[in-house]
Structures are given as structure tokens and as C-alpha cells.
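Have a look at the structure below before the remarks.
By convention here, the first residue in the shown sequence is residue 1. Whatever order the structure lists them in is the order used to number ligands and atoms, beginning at 1. Note that this is a predicted model, so its numbers are computed, not measured.
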Amino acid sequence: MQIPCTDIELALLKKIALAAKELNVPCYAIGGFVRDKLIGRATKDVDIVCVGDGIVLAEKVAGMFFPKPEVHFFKNFGTAQIKTAQMEIEFVGARKESYDFSSRKPAVENGSIEDDQNRRDFTINALAISLNEQDYGQLIDPFNGILDLQNKIIKTPLEPGITFSDDPLRMMRAIRFSAQLQFTIEANTLEAIAQYAERIKIVSSERIADELNKILLTAKPSIGFDLLFKTGLLDIIFPAFAQLSGAEYIDGHGHKDNFYHTLQVVDNICKNTDDLWLRWAAVLHDIAKPATKKFEEGHGWTFHGHEVIGGRMVPKIFTKLRLPQNEKMRFVRKMVELHLRPISLTKENITDSAIRRLLFDAGDDFEALMTLCEADITSKNKQKVKRYLENFEMVRARCAEVEEKDHLRNWQPPITGEMIMETFGLPPSKEVGLIKDAIRNAILDGDIENNLAAATQLMLDKATEMGLKTRP
Ligand code: CTP
């Protein structure tokens, strides 16, 4: 079997083969490297399994490089890693594993290559290539993984209940691979995911978030999220997302299914951005619709304030999913909070003031916000889509015009809180905020000019009105 490796990879595999021969341990390339090579996907690391001590083999291989790379090893797991300039190589001894029911920690015993292949997650991930002299390059494929690769099927090598009970993270991996590779999960395997969904609870939030991010970084994340939903996993790992599903009817008035609308928005945005956090904003933009839903006589269904409530939900969701609590989270929150603003600017007679406020509030994230708004158009009516897109083009043009005139995107009002405190001898207080807001609003509304003199005058007027005196 020929696998299409680069010259560098071939040289590397030869080196490993030589080291294994000298140690007299059978060894194989296995897992994702073999799978990805066979389907022409980029690879950055290679897993090597040997029937012997993986750490000893890693040391031997490292010694064949000049300068010798460091060997990072984990004695408890019997694994070792070396990083060469071109590739990361992971070494492990072949294992036979059985798992403890309440954790993902396997009880490890040394085993044969067959044992090792048996304990892997999917037939397409259990493919191995011999690096041994007698059959170098031979594909070892006990579960017909090559056929599953050709037929684009994800299937467990053993009875799926065993594979998933052993390590429930594999249920998410199945769905993630299905989304990444656009493969179908074999019926039996899919059924087992639904059956064992509850077992995902023993998996750490970090690992779950990692898989969610990988799904979200695919070209069409709806494939993965829909599978998570249909198998019941989403309800357990991210209930607020699953709760978007369904449409309620009263007096014949329904609303759209916000789960499938969101999936469409996510797929739309993925055509225009690779930014994980903007993609998260698409996932979360309508997250508060269930919490704000009302049926109003004469109006139908409303979701008033869902952008504000949704914004407030973002930090909680990020905490629960162990996503970062930093500027990425604040960016997502801001996108959720602002996602209706550009739509409100597509009406007639929009004032410069409204445009200025959007530029000020969105700042550097203006383009990202417009990308989200454009993705939010999910009508099936082509005429409508065209009209909405044209409306957004108008908003962009108006914003460009006002920005050119007023430079508000990264603008800070000319008078700061410190300057106000200094002038009136005030501690940080409500009064300081009131004066600051008055100045900012007056400039954004065009009531005073955007300069220090005009802002100072307004500060003094406002302070007099509030009964404050300047510091002697
Ligand atoms: N594996 C497994 N069960 C897991 C994780 C990994 O059986 N829960 C096995 C699979 O054989 C997999 C290999 O370990 O191919 C390497 O794992 P990993 O590097 O996580 O996955 P890859 O398949 O290489 O793919 P990716 O890097 O995209 O995660």
C-alpha cells in the first residue's frame, strides 16, 4: 500500500523504522496521520505505536537527529513526544485497555497491535501502517477502515456501546469528524450515541468545549450541531442552544424555529469569516429568544429585548462551557447586544446621530457586526434577501460617510472622568457619570462640536445645573 507522503515524512518514517529495528520492537504509524494521508488532508503530527516501550523508542529516534530534540514523556501514560522542525511525533506502546465506568481513565495493560487497534475510536482511525522490515508500508486494517474511508462512513471498530462507554468523548468526536470530513455516522453508531448520550456528563467541560470549537470551525457547522441536537447531546452539554428549537402556534400564528434559523446563520457566516469568536456570536445572537418570547394580540410573536438579555447570558454560557472570560467573550457579548442595530438603521430618514451612535458603540468591530447582520438574513425569498442586502449596503455607505466626517470609530470624548473629578473636586460618583454622558450624547447628537472647548463649556453648564462648583 502506497500512502502519499512527502519526502520529509518518508525520511522521518524511515528513521523511526530504523530505530525500531535496532531496538527490535515492531512499530507502526497509526490513527489520524494514516487517515488524513489517505484522504489527502493536511497533517501536522504522526502517532507511532510500538509493541514495547514507547518512551525508549522516542529516545532512540530523538538521538538520530542533530541537534537532538527534547523528549517530553508522561511516564504514567507510557507516552512520549518529540517535536522536530517539520513534525510532532507521538510515541506509545501498544495497549489493551479497559475503562473504569465512572471516569475516562483507562486501566492500561501492554498489548499487541491488534489489541491497540481494537481500543481505538473509529474504523477510519484504527488504520495502521507497518514500519517493520518484513512488510514495510503494509496497511493493517482489521476493521475495513479503508472501505469506510472510501464510503465516507464513521463507525466504531467494536460494538459502539463498548467504544462509547469506554470513552464518551468519542460520541462528540464522531460528530466532529462527521462535520469536518462531511462523513455519515453509521446507523448503529449513531443510535448508540443517542442511547449513551448521558455518559457525556463524565467528560470535562474543557474537552467538550474543544470539540464544540472544532465543529464551529468547520465549513458547515450545522451538520455537527444538528447531530448533537438529534442525539440529545446538545440538551446535556449546551441546553440553552437546544432550547431554541421548536415553533409555537397560537391562533394560527407561528414563529420560526430559532434553532434551525441559528444553524443557517452560522453556516452563512462561515462563508465570510474564519474567526471563531464571530462564529460564536452567530451561535448566540438569538440565544435569549426563548426567555423573551411573548404572544401579543394583534402583533403575533415578539422577542423584545432578546439582544440585551442575550448579551447578559454570554458570560454565563462562556463560564459554563469553559470558554475564555476575556476580550473574546466581551466581543461576543457586544455582537449579540448590537445585532439588531444595523437593521434599525435601514429605515427611512435615519439621522446622522443614530449612525454616529452605532459607529461609536461598534468601534473597531463595525465590520464584524455587519458580517453578522448579513448572515442573519435567512429568508428563502430571493427578492427579499436582495432587498435586505441592499439595505445593509446603504447602512455601510451612510456609516462610511459619517465616519469620514466625524472619525467616531475609535473616538473617545474630549473630556475624561478624571478631568471632571479634578475640575469639581469630586470622588468617583454618579455625578461624574452624568456629566460624562451628557458630553458624549451632545457630541453624538451633533448638539455641540466635537472639540475640547465646546465639551468644557458643556461640562461647566451641566455642573451649574446640578449645583456643583469648580474647585477653587
Ligand atoms: N483516539 C481514540 N479515542 C479518543 C481519542 C483518540 O481512540 N478519545 C485515537 C484515534 O485512533 C485517533 C488517535 O487516537 O486517531 C489520535 O488522536 P487525536 O490526535 O486526538 O485525533 P486525530 O485522529 O489525530 O484527529 P484530530 O487531530 O483532528 O483530533
(request) Heavy-atom distances under 4.0 Å are what count here, so tell me which part of D47 touches ligand 1: side chain, backbone, both or neither. (result) side chain
(message) Can you confirm, on distance only, whether ligand 1 has an N/O atom lying under 3.5 Å from any N/O atom belonging to L169?
(response) no
(message) Please check whether D121 reaches ligand 1 - meaning an N/O of the residue sits under 3.5 Å from an N/O of the ligand, judged on distance alone.
(response) yes
(message) Please classify the R170 to ligand 1 contact at 4.0 Å (heavy-atom distances, strictly less than): side chain, backbone, both or neither.
(response) side chain
(message) One residue to check: E211. Relative to ligand 1, which of side chain, backbone, both or neither has a non-hydrogen atom less than 4.0 Å away?
(response) neither
(request) Going by heavy-atom distance to atom 26 (P) of ligand 1, choose the closest among R120, R173, R176. (result) R176
(request) Could you tell me whether ligand 1 has any atom less than 4.0 Å away from a heavy atom of F177? (result) yes
(message) Over 60° means perpendicular and under 30° means parallel, so tell me whether F303 and H306 are parallel, tilted or perpendicular.
(response) perpendicular
(request) To the nearest 0.5 Å, tell me how far D376 CG sits from F392 CZ. (result) 7.5 Å
(request) Specify the closest pair of heavy atoms between I162 and L158, including all atoms of both residues, with the distance to one decimal. (result) CG2-CD1, 4.2 Å
(request) Report yes or no: is the cationic atom of K328 (NZ for Lys, CZ for Arg) closer than 6.0 Å to the six-membered ring centre of F318, at no more than 45° off its axis? (result) no
(request) May I ask you to list the atoms of ligand 1 that are less than 4.0 angstrom from any heavy atom of R35? (result) 22 (P), 23 (O), 25 (O)
(message) Looking at ligand 1, would K214 count as a contact under a 4.0 Å heavy-atom criterion?
(response) yes
(message) Q180 versus ligand 1: do any nitrogen or oxygen atoms come within less than 3.5 Å of each other?
(response) no
(message) Nearest 0.5 Å, please: how far is NZ in K83 from NE2 in H72?
(response) 6.0 Å
(message) For a 4.5 angstrom cut-off between non-hydrogen side-chain atoms, does M335 reach W277?
(response) no
(request) Would you indicate whether Q134, at its atom CD, is surrounded by more than 12 heavy atoms from other residues, nucleotides or ligands within a distance under 6.0 Å? (result) yes
(request) For G31, counting its heavy atoms only, list the atoms of ligand 1 lying under 4.0 Å from any of them. (result) 15 (O)
(message) Tell me whether the rings of F259 and F229 are parallel (<30°), tilted (30 to 60°) or perpendicular (>60°).
(response) tilted
(message) Can you confirm, on distance only, whether ligand 1 has an N/O atom lying under 3.5 Å from any N/O atom belonging to D45?
(response) no
(request) Name the orientation class of the two ring planes belonging to F295 and W301 (parallel below 30°, tilted from 30 to 60°, perpendicular beyond 60°). (result) perpendicular
(message) Does the residue D167 have a heavy-atom contact with ligand 1, meaning some pair of atoms that are separated by less than 4.0 Å?
(response) yes
